[in-house]
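First the structure, in the form of structure tokens, and then the observations on it.
This structure is a prediction, so every number in the text was calculated from the model and none was measured.
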Amino acid sequence: MSDIIPNESHNSLKIPALLHRLLGEQFPKEAARIEAGLLCQRRTTLRVNALKTTAEAVRETLSSHNIAYRTVSWYHDALILEGEDGKRAVEALPLYERGEIYFQSLSSMLPPLVLCPKAGESILDMTAAPGGKTTELAALSEGGVLITACEKDKIRFERLKFNLSRQGAGKVNALHADATKLDDFFRFDKILLDAPCSGSGTADALNGTFCEKLLSSCVKAQEQLLKKAIKILKRGGTLVYSTCSLLSCENEALLSRVLKGTDCALSPIDLKANGDLPLLESSAGTLTVLPDEHFEGFFVAKIIKY
Ligand code: SAM
């Protein structure tokens with residue numbers, strides 16, 4: 001028997017049977033919408049790199065090259081490209097080579113906004129490559145935060161360093177290390193844990209790799225990383241945990257198991273974007289973004305250490 005469920009809305013992509021079952025169990029009323037969102041073609045989106053230019057300058061350049069775009073109500077620096085060929089057209093512009101923009105999904109712009117970096121803070125980006133969120137954190141604070149960006153995989157670490165340099169993110173200490181092995185004596189004001197995950201909210205879930213084994217290895221890694229994050233977060237500090245998965249075993253269930261008995265707790269998310277996001281029902285302190293034409297499926301949680 002085939003392990004995939006054919007979906008009429010797209011010719012070649014299919015929802016894996018395991019994911020179909022898990023989504024149906026967790027979101028009995030929304031599973032069909034989620035699957036349709038996973039299968040649909042997403043628009044290319046980008047973030048203007050405020051370390052190097054302004055949103056106005058980038059918009060002007062795109063308009064002068066007849067590259068159609070739309071703005072995003074909740075983030076001045078985010079743009080949605082309208083045309084089929086928008087990405088290729090932007091890549092051909094000098095502003096791309098100069099690191100004045102970064103292609104990034106809208107959902108993946110949310111964790112740094114929730115972490116809300118402020119000048120003078122020390123921030124750990126625990127699992128940082130290729131660096132979209134690291135450079136966003138630097139840009140949001142106008143280069144005013146000291147960021148330690150940790151990445152375990154050597155090839156991805158090199159990509160991180162390349163992106164940091166191209167984006168002009170100077171005050172970043174890039175660390176090629178396993179974040180679960182960081183010294184317990186470290187202390188950070190804020191931590192971003194954008195954890196390795198099954199990718200169940202993205203097109204990656206459709207590429208044939210989604211399986212029980214992947215899911216359990218992700219949950220194990222997420223648990224170890226989260227435990228370390230809790231240890232090295234300053235008292236009064238904020239931790240943002242995010243994944244591009246919709247599954248509770250990687251998100252809510254994991255958080256409630258790991259946070260239990262610690263001095264950390266979920267804290268309400270107050271974000272300008274809230275009213276404009278396609279959200280699934282989310283418990284306090286979390287956001288679960290429904291995948292659609294503009295957004296990848298995504299989970300973000302804000303945690304405070306008391
Ligand atoms: N935050 C990144 C961005 O916005 O560009 C994406 C991060 S990706 C979801 C997760 C990353 O975690 C991968 O690059 C993976 O190699 C890395 N990783 C996995 N386990 C790790 C560990 N124990 N320590 C450090 N990095 C790890």
Discussion item. Using a strict threshold of under 4.0 Å (side-chain N to carboxylate O), is an ion pair present between Glu30 and Arg33?
Written reply: yes

Fill in: Heavy-atom donor-acceptor pair, Thr262 side chain to Val258 backbone, under 3.5 Å
no

Practice prompt. Apply the test side chain to side chain contact (heavy atoms under 4.5 Å, CB included) to residues Phe298 and Thr288: give CA-CA distance (whole Å), side-chain angles for both, the deciding distance (0.1 Å), then the verdict.
Written response: CA-CA 6 Å; Phe298 221 82; Thr288 308; over 6 Å; no

Fill in: NZ/NE/NH1/NH2 to OD/OE distance under 4.0 Å, Glu91 and Arg88
no

Item to complete: Could you tell me whether the side chain of Lys260 and the main chain of Leu255 form a donor-acceptor pair under 3.5 Å?
Response: no

Worksheet item: If you group Ile, Leu, Val, Met, Phe, Trp and Tyr by side-chain heavy-atom gaps below 4.5 Å, do Leu140 and Leu106 land in one group?
Response: yes

Discussion item. I'd like to know if the side chain of Asp292 and the backbone of Gly37 have a donor-acceptor N/O pair within less than 3.5 Å.
Written reply: no

Worksheet entry | Common cluster, Phe299/Ile230, ILVMFWY with side-chain heavy-atom separation under 4.5 Å | yes

Worksheet, complete the sentence: Minimal heavy-atom distance between Cys150 and Leu124, with the atoms involved, is CB-CD1, 4.4 Å

Discussion item. Quick check for you: to the nearest 0.5 Å, what is the distance between Leu239 atom CG and Lys302 atom NZ?
Written reply: 11.5 Å

Worksheet entry | Reported SG-to-CZ distance for the pair Cys249 and Arg257, which is rounded to 0.5 angstrom | 9.0 Å

Worksheet item: What do the steps show when you test Phe188 against Lys234 for side chain to side chain contact (heavy atoms under 4.5 Å, CB included), and what is the final call?
Response: CA-CA 5 Å; Phe188 295 92; Lys234 267 189 196 163; over 6 Å; no

Item to complete: Indicate whether the side chain of His294 and that of Arg70 have a donor and an acceptor atom separated by less than 3.5 Å.
Response: yes

Worksheet item: Do Asp184 and Lys228 meet the salt-bridge criterion of a basic N to acidic O distance under 4.0 Å?
Response: yes

Worksheet item: Do Glu250 side-chain atoms and Ser198 backbone N/O form a donor-acceptor pair below 3.5 Å?
Response: yes

Worksheet entry | Approximate separation, where rounding is to 0.5 Å, of Leu226 CG and Thr180 OG1 | 12.5 Å

Practice prompt. Is it possible for you to say whether Leu62 and Val72 belong to one hydrophobic cluster, with membership spreading through side-chain heavy-atom contacts below 4.5 Å?
Written response: no

Fill in: Leu246 to Asn251 - nearest heavy-atom pair and separation
C-ND2, 3.7 Å

Worksheet entry | Interatomic distance, Arg21 atom CZ to Leu18 atom CG [nearest 0.5 angstrom] | 5.5 Å

Worksheet entry | Minimum heavy-atom distance between Gln26 and Ser248, given as atom pair plus value | OE1-N, 2.9 Å

Worksheet item: Does the Asp153 side chain pair with the main chain of Arg156, one donor and one acceptor, at a distance under 3.5 Å?
Response: yes

Practice prompt. Quick one: do Arg47 and Asp77 satisfy salt bridge (Lys or Arg N to Asp or Glu O under 4.0 Å)? Show the steps, please.
Written response: CA-CA 5 Å; Arg47 179 173 53 77; Asp77 290 337; over 6 Å; no

Item to complete: For the pair Asp194 and Lys133, find out whether any cationic side-chain nitrogen is under 4.0 Å from an anionic carboxylate oxygen.
Response: yes

Worksheet item: Are Asp125 and Val172 close enough that some pair of their side-chain heavy atoms sits under 4.5 Å apart?
Response: no

Item to complete: Mark yes or no for whether Lys305, through its side chain, and Leu233, through its backbone, hold a donor-acceptor pair below 3.5 Å.
Response: yes

Worksheet item: Any side-chain heavy atom of Gln222 within less than 4.5 Å of one from Tyr241?
Response: yes

Discussion item. Do the side chains of Glu293 and Arg42 get close enough for a salt bridge, i.e. N-O under 4.0 angstrom?
Written reply: no

Fill in: Lys/Arg N to Asp/Glu carboxylate O, Glu151 vs Arg159, below 4.0 Å
no

Worksheet item: Between CG of Leu277 and CG of Leu290, what distance do you get to the nearest 0.5 Å?
Response: 11.0 Å

Worksheet, complete the sentence: For Met109 and Gln104 the tightest heavy-atom approach is CE-O, 3.3 Å

Worksheet item: Do Lys87's NZ or CZ and the ring of Phe103 fall within the cation-pi criteria of under 6.0 Å and 45°?
Response: yes

Item to complete: Nearest 0.5 Å please: distance from the CG atom of Leu254 over to the SG atom of Cys197.
Response: 11.5 Å

Worksheet item: Yes or no on side chain to side chain donor-acceptor pair (under 3.5 Å) for Glu252 and Thr286, after CA distance, side-chain angles and deciding distance?
Response: CA-CA 8 Å; Glu252 293 93 338; Thr286 72; 4.8 Å; no

Response to the item:
Between Thr134 and Ala128 the two heavy atoms that sit nearest each other are OG1-CB, 3.6 Å

Practice prompt. Might you work through the side chain to side chain contact (heavy atoms under 4.5 Å, CB included) test for Leu280 and Phe27, ending with a clear yes or no?
Written response: CA-CA 9 Å; Leu280 290 159; Phe27 303 99; 4.0 Å; yes

Worksheet item: Is there a chain of hydrophobic side chains (I, L, V, M, F, W, Y, each step under 4.5 Å between heavy atoms) that links Leu225 to Leu192?
Response: no

Discussion item. Let's go through Glu35 and His20 carefully: what are the C-alpha distance in whole Å and the side-chain angles of both, what is the deciding distance for side chain to side chain donor-acceptor pair (under 3.5 Å) to 0.1 Å, and is it a yes or a no?
Written reply: CA-CA 8 Å; Glu35 292 189 0; His20 178 72; 2.6 Å; yes

Worksheet item: Got more than 12 heavy atoms from elsewhere within 6.0 Å of CD, Glu25?
Response: yes

Practice prompt. Answer yes or no: is there a side-chain heavy-atom contact under 4.5 Å between Leu206 and Lys14?
Written response: no

Worksheet item: Does any donor atom in the side chain of Glu296 or Ser105 lie under 3.5 Å from an acceptor atom in the other side chain?
Response: yes

Worksheet item: Should Ser122 and Arg187 be marked as a side chain to side chain donor-acceptor pair (under 3.5 Å) after you check the CA-CA gap, both sets of side-chain angles, and the distance that decides it?
Response: CA-CA 9 Å; Ser122 68; Arg187 285 295 174 273; over 6 Å; no

Worksheet item: Looking at side-chain heavy atoms only, is the closest gap between Thr135 and Leu164 below 4.5 Å?
Response: yes

Discussion item. So does Gln167 get a backbone contact from the side chain of Arg98, meaning a donor-acceptor N/O pair under 3.5 Å?
Written reply: no

Discussion item. How close do Gly99 and Lys52 get, counting heavy atoms only, and between which atoms?
Written reply: O-CD, 3.8 Å

Discussion item. Lys118 vs Asp189, test: salt bridge (Lys or Arg N to Asp or Glu O under 4.0 Å). Steps then yes/no.
Written reply: CA-CA 10 Å; Lys118 297 267 169 22; Asp189 297 313; over 6 Å; no

Fill in: Ser165 side chain to Lys161 backbone, donor-acceptor under 3.5 Å
no

Worksheet item: According to a 4.5 Å side-chain heavy-atom criterion applied to Ile, Leu, Val, Met, Phe, Trp and Tyr, with indirect links allowed, do Val145 and Val240 form part of one hydrophobic cluster?
Response: yes

Item to complete: Evaluate whether atom CZ of Phe185 has more than 12 neighbouring non-hydrogen atoms of other residues, nucleotides or ligands under 6.0 angstrom away.
Response: no

Item to complete: Measure the shortest side-chain to side-chain distance between Leu115 and Ile123 over non-hydrogen atoms and say whether it is less than 4.5 angstrom.
Response: yes

Practice prompt. Give a yes or no on whether the backbone of Asp204 and the side-chain of Asn207 come within a donor-acceptor separation of less than 3.5 Å.
Written response: yes

Item to complete: Let me see the working for Leu22 and Leu215 under side chain to side chain contact (heavy atoms under 4.5 Å, CB included), right down to the final yes or no.
Response: CA-CA 11 Å; Leu22 295 174; Leu215 204 50; 3.7 Å; yes

Fill in: Heavy-atom neighbours of Lys181 NZ exceed 12 at 6.0 Å
no

Worksheet item: Have His76 and Glu56 got a donor and an acceptor in their side chains that come within less than 3.5 Å?
Response: yes

Worksheet item: Per the side-chain contact (heavy atoms from CB on, under 4.5 Å) rule, which among Thr53, Val90, Leu93, Asn49 passes with Ile101?
Response: Val90

